[in-house]
Amino acid sequence: MDWLVSTAEFLVDEILSQPAYLIGLITAAGLIALRKPAGQIVGGAIKATLGFLLIGAGATLVVGALAPLGDMIQGATGAHGVIPTNEAIVGIAQEQYGARVAWLMILGFAVSLLLARFTPLRYVFLTGHHMLFMATLLTMVLAVAGRSSWVVVVVGGVLLGILLVSLPAFAHPWTKRVTGNDSVAIGHFGTAGYIAAGATGQLVGRRSRSTEEMNLPEGLRFLRDSMVATALSMVLIYLIMSLVFLGKAGKEEAFKAFGESGAAGASGVGDYVMQSVMQGLQFGIAVAVILFGVRTILGELVPAFQGIARRLVPGAVPSLDAPIVFPYAQNAVLVGFICSFVGGLVSLGLLAWIFHPAFGLALVLPGLVPHFFTGGAAGVYGNATGGRRGAALGAFVNGVLITFLPALLLKVLGAFGEENTTFGDADFGWFGTLVGYAAKTGETGGIVLMLLIGAAVLLGAIVVQKRVVETGWDPGAHRDALLPPNDVARTPAADTASGDSAPAYAKIAAPRGAPKPPPPPGRA
């Protein structure tokens, strides 16, 4: 049995939990199915792998650029509490539950492929690290509730497989609004926040123009470059927070903010200020790297998926990480990040003032990394249905969700709730809480209740897929009717007249450089 466990752990830890490898293998499989030459297969697989590595490199730069800012905000506000960090809580849990997490993840991925093949939910979830995160969460809540190992693996695997195909379906009407086509879906466990942002945009946007159409004075035209605007905004945020922190904590404490990873920290006030400027600029570089990685991977993966769709899962749609939507509304990413963070601060105040004293909920500090990635994506979704107001308020709602939901989740994590960290994205919060309380109802009753929750999610996703996604409902159509014609880019009538069965979707025009899907098979 030891070799089976070792094999499972190798597959999960070294391949399936590495999204770059997973993407490369699937791209190669798709190109093989398309009968491409060996050189093109190898080149496409490597290029797709490099695209994901670029996204990972950008994410690492983001984390590094935000770390000192997080210390400054905590020092300036004096807030103490739990900081949601997926990687941290997963690392803690792996020491105790590594084998069960491995088997649960393998079974969950297999179940998702079967569901994608034999149900209308043709989504293949490719965000490997989020599969690992959710597998770890399900293992934790089931094990903490006292469930046996086989229940943890089998029931948890079924629930994971259901989520992998269901959540992309729930979000897909809004994802199509963002991308304008069916080429990709969102495969990220912040889906509840993205749906909430898109729905908020529908409610508040109406005549609000897109974040990508901001009218700037001639002297500020340079801000239309998203990399410049992002870097400048972060430089200003860094300067303000660094000066506030310096005034409150004093030089000795403030200078330590830049002493991470063995560095000595700032040597003086001038060095402290300029390091703040440099961190803001590094953030701009990080975002640019992520966007380039997204464009690179889409250029290889989308054509390859035509081959997979023909062979394994007819009509398969790849479900990819949250940054996949960033190029479609790059200004909205920054707006979303800032507004999501504000939502987190407001929610922290409510927790401290009302919900912590009344219900014993933990104080959840706004982690900059989850607010950047999920808040940025929420801004894109909100902008797609509600323009600038939708981006701002939709991301604010996301910030509220990723503050309150982790606080609720801590109630079902047992001793892990005392680790000063937890899972940060919205779907971990609501689904983990439901499954955690269901698991505590007893051995047999708990299994039945958890499977009923999974069945309800699956059935709901199938209904959404058949009655909403496949019927072509556009969540932003009402807004388009209110905007002047020049502000809406519609699919050319020629596309519909050519005989395509897919309906024409109205959408906000994607910015220059946004990835475009390849033509349908058989179309030049």
Side-chain angles (χ1 to χ4, degrees), residues 70-71 73-86 88-89 92-93 133-134 137-138 140-146 189-197 199-200 203-204 248 338-371 374-375 378 392-442 445-446 449-450 453 456-457:
D71 293 338
I73 291 173
Q74 185 170 346
T77 61
H80 295 279
V82 174
I83 302 177
T85 308
N86 296 330
I89 191 67
I92 294 170
F133 295 164
M134 184 60 79
L137 169 64
L138 291 172
M140 291 168 64
V141 295
L142 291 174
V144 166
F189 290 125
T191 303
Y194 311 146
I195 295 173
T200 300
L203 291 175
V204 304
K248 182 170 182 178
I338 295 172
C339 293
S340 180
F341 185 75
V342 172
L345 289 176
V346 172
S347 300
L348 174 61
L350 291 174
L351 283 171
W353 181 34
I354 299 174
F355 294 95
H356 176 66
F359 303 104
L361 295 182
L363 300 182
V364 177
L365 302 182
L368 289 172
V369 173
H371 279 288
T374 69
L393 293 178
F396 182 92
V397 170
N398 176 78
V400 173
L401 288 178
I402 65 173
T403 303
F404 277 97
L405 289 175
L408 294 173
L409 177 63
L410 287 169
K411 293 287 188 178
V412 299
L413 291 183
F416 290 100
E418 301 175 3
E419 294 289 349
N420 293 323
T421 188
T422 186
F423 294 88
D425 303 332
D427 298 330
F428 297 119
W430 71 265
F431 193 71
T433 301
L434 285 178
V435 172
Y437 280 114
K440 292 181 178 181
T441 59
L449 188 53
M450 286 186 289
I453 291 172
V457 172

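One is the number of the first residue; the rest follow in order along the sequence.
With Thr374 as the fixed residue, the side chain to side chain donor-acceptor pair (under 3.5 Å) test singles out one of Asn398, Thr191, Asp425: Asn398.
Looking at Leu413 and Val141, their side chains come closer than 4.5 Å, going by heavy atoms from C-beta outward. Put simply, the side chain of Val412 does not reach to within 4.5 Å of the side chain of Val144, judged on heavy atoms. For the pair Phe428 and Leu405, the minimum side-chain heavy-atom distance is 4.5 Å or more.
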Would you check, one step at a time, whether the test side-chain contact (heavy atoms from CB on, under 4.5 Å) holds for Phe133 with Phe189? CA-CA 9 Å; Phe133 295 164; Phe189 290 125; 5.7 Å; no
Kindly indicate, with the supporting measurements, whether the criterion side-chain contact (heavy atoms from CB on, under 4.5 Å) is fulfilled by Leu350 and Phe404. CA-CA 10 Å; Leu350 291 174; Phe404 277 97; 4.1 Å; yes
Can you check side-chain contact (heavy atoms from CB on, under 4.5 Å) on Leu365 and Leu348, steps first, answer last? CA-CA 6 Å; Leu365 302 182; Leu348 174 61; 3.7 Å; yes
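Here the shortest heavy-atom pairing between Gly394 and Ala378 reads O-CB, 4.4 Å. Scanning all heavy atoms of the two residues, the minimum distance from Ala392 to Cys339 falls at O-CB, 3.3 Å. Between Pro370 and Gly424, the shortest heavy-atom distance links the atoms CB-O, 4.5 Å. Annotation for Gly375 and Ala395: closest pair O-CB, 3.9 Å, computed over non-hydrogen atoms. Taking all atoms of both residues into account, the shortest heavy-atom contact from His371 to Phe341 is ND1-N, 3.6 Å. Residues Gly360 and Lys411 come closest through the heavy atom pair O-NZ, 3.5 Å.
Applying the side-chain hydrogen bond (donor to acceptor under 3.5 Å, both in side chains) rule to pairs touching residues 429-442 yields Asp427-Trp430, sequence neighbours excluded.
Judged by distance alone, with hydrogens and angles left aside, the side-chain atoms of His356 form no donor-acceptor pair with the main-chain N or O of Ala362 at under 3.5 Å.
Interatomic distance, CG of Leu410 versus CG of Leu363, reported as 10.5 Å (0.5 Å rounding). With rounding to the nearest 0.5 Å, the separation of CG in Leu138 from CE in Met450 is 9.5 Å. Residue Ile195 holds its CD1 atom at 11.5 Å from OG1 of Thr200, rounded to the nearest 0.5 Å. From Ile402, atom CD1 reaches atom CZ of Phe423 across 15.0 Å, with rounding to the nearest 0.5 Å.
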